[in-house]
Amino acid sequence: MAEYWYIAEGFEEKVQSFLTNNGESEVDMMFTVPEKDFNTAGKGSSEVKNLLKRLGVESGVLRRIAVASYEAEINVAAHSQGGVMHSAVFDDLIHVRFEDEGPGIGDIEQAMVPGFSTADDLVRELGFGAGLGLPNIKKNSDAMHIVSEKGSSTLVEFIIFFA
Amino acid sequence: MTLRDIVTLLEGEVLFPEADLDRDVPCAFASDMISDILMCTKEPTLLLTGLTNNQVIRLSDMIDLTGIIFVRGKRPLEDVIDMASERGLPIITTKFTLYRCSGILFNAGLRSCKI
């Protein structure tokens, strides 16, 4: 499997410490994201944002989390055969994982190039397919990780700290 | 500038009657691509677009939209109007094109949003 890592400057230690500590999350939320279902796509991200708003997360951080999560959720609906979104809220951060059932990303580096898109006509008609999904997740995240290969499943996960 | 001023300038039609048109609109963004619109994370923004599907309303759950102007005479379906109404998100349709709307509002002093 091919792998892609991005960690924002200055966050290396915090991310490393989160990944090695394996702490328990305070709240977990799980949503299924069906293939090409644009009536429900985005609901998971809305609900996660509402929860974090109630928990008092600052509005700028909240918007970054919502945008990264929504882009990833739409990616699963638009490009995969369906998948799940799992959000784990910790004291100081949120960790959101999207795992789908394929068909995988052939070239992750290329998929990260702003403007590159493989969206079909249905997806484009709805206003998606700008080729900014993965770049927008990266832009809004403190850490982002992708594991995929052609013909296999895809994992996209990101971490955003609350302060 | 308020939404009411904008409705007048664009000869718009407000799509649900309870919409709050007295809210202040500091800036605007125009696009038909959802990922472009998601770049507006810095401040409350008026959106001008030709997209009328439910995901345009869903966007307002993620970023802070002061209202949506549907251009080129586009009109969303009833369930999309309901989604906006539930969120208290004013939606307006105008027969003007995206380019013309942007020009009118820019000349009237409405600035572009920060991205």
Side-chain angles (χ1 to χ4, degrees), chain A residues 33 36-53 58-75 77-79 96 111-117 119 122-141 160, chain B residues 23 26-27 29-66 68-72 74-89 91 93 97-98 101 113-115:
Chain A
V33 186
K36 296 282 194 298
D37 179 356
F38 293 102
N39 280 318
T40 55
K43 271 193 184 161
S45 301
S46 285
E47 289 195 27
V48 167
K49 188 187 177 192
N50 285 338
L51 168 77
L52 296 177
K53 196 173 180 180
E58 188 263 322
S59 63
V61 177
L62 212 53
R63 280 197 292 268
R64 284 170 50 216
I65 295 168
V67 169
S69 175
Y70 177 80
E71 288 281 17
E73 196 177 349
I74 291 297
N75 271 349
H79 298 290
V96 192
M112 288 302 302
V113 175
F116 177 81
S117 174
L122 167 79
V123 169
R124 284 177 197 273
E125 262 172 40
L126 292 170
F128 301 110
L132 291 172
L134 293 175
N136 259 352
I137 299 170
K138 178 179 171 184
K139 180 183 150 200
N140 287 291
S141 297
I160 297 177
Chain B
R23 59 171 77 178
C27 62
F29 187 82
S31 179
D32 282 355
M33 300 240 67
I34 283 176
S35 284
D36 275 353
I37 301 165
L38 285 170
M39 286 164 46
C40 306
T41 54
K42 298 214 167 78
E43 53 185 341
T45 303
L46 175 74
L47 172 63
L48 295 98
T49 188
L51 291 173
T52 54
N53 64 70
N54 62 13
Q55 290 296 332
V56 173
I57 311 295
R58 181 86 65 210
L59 282 183
S60 75
D61 295 344
M62 315 301 155
I63 57 173
D64 200 349
L65 296 180
T66 49
I68 302 177
I69 310 289
F70 297 113
V71 300
R72 308 190 287 275
K74 292 205 172 184
R75 185 179 285 272
L77 296 174
E78 210 53 46
D79 58 333
V80 175
I81 297 177
D82 290 345
M83 275 178 77
S85 167
E86 281 163 20
R87 288 164 171 75
L89 175 70
I91 49 173
T93 182
T97 62
L98 185 58
C101 290
C113 82
K114 298 187 191 104
I115 56 166

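Residue numbers start from 1 in every chain, and the chains themselves are labelled A, B, ... in the order their sequence lines are given, proteins ahead of strands. These numbers come from a predicted model, not from an experiment.
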Validation: residues 75-85 of chain B side-chain donor-acceptor distances under 3.5 Å, sequence neighbours left out:
residue: B:Arg75; atom: NH1; partner: B:Glu13; partner atom: OE2; Å: 3.4
residue: B:Arg75; atom: NH2; partner: B:Glu13; partner atom: OE1; Å: 2.6
residue: B:Arg75; atom: NH2; partner: B:Glu13; partner atom: OE2; Å: 3.4

Tell me which of these, A:Ala130, A:Gly133, A:Gly131, has more heavy-atom pairs under 4.5 Å with chain B than the rest. A:Ala130
Taking all non-hydrogen atoms of both residues into account, name the closest pair between B:Ser35 and A:Glu71 and its distance. OG-OE2, 2.9 Å
Counting only heavy atoms closer than 4.5 Å, note whether A:Lys139 contacts chain B via side chain, backbone, both or neither. side chain
What residue in A:Gly60, A:Ala41, A:Ser59 has the most heavy-atom pairs under 4.5 Å with chain B? A:Ala41
Checking the side chain of B:Gln55 only, and the main-chain atoms of A:Gly42 only, is there a donor and an acceptor separated by less than 3.5 Å? no
Check: A:Leu132 and B:Met39 side chains under 4.5 Å, non-hydrogen atoms: yes
Bottom line for A:Asn39: the part with an atom under 4.5 Å from chain B's heavy atoms is both
For B:Phe70, enumerate each residue passing the ring pair (Phe, Tyr, Trp, His ring centres under 6.0 Å) test, keeping only those at least two apart in sequence or located in another chain. none
Does any heavy atom of chain A fall under 4.5 Å from the side chain of B:Asp36, the backbone, both, or neither of them? both
Using non-hydrogen atoms only, which part of B:Leu51 is less than 4.5 Å away from chain A: side chain, backbone, both, or neither? side chain
Rounded to the nearest 0.5 angstrom, the CZ-CG distance for A:Arg124 and B:Asp32 is 14.0 Å
Answer yes or no: does atom NZ of A:Lys53 have more than 12 heavy-atom neighbours from other residues, nucleotides or ligands under 6.0 Å? no
Among B:Met33, B:Lys42, B:Arg58, which residue forms the greatest number of heavy-atom pairs with chain A at distances under 4.5 Å? B:Arg58
Using every non-hydrogen atom in the two residues, find where A:Asn136 and B:Leu38 come nearest and quote the distance to one decimal. ND2-CB, 4.0 Å
Residues at least two apart in sequence or cross-chain that pass ring pair (Phe, Tyr, Trp, His ring centres under 6.0 Å) with A:Phe38, listed by chain then number, are A:Phe128
Starting at OG1 of B:Thr41, measure out to CG of A:Leu62 and round the result to the nearest 0.5 Å. 12.0 Å
Can you name the residues of residues 63-70 of chain A that have some heavy atom under 4.5 Å away from a heavy atom in chain B? A:Arg63, A:Ala66, A:Val67, A:Tyr70
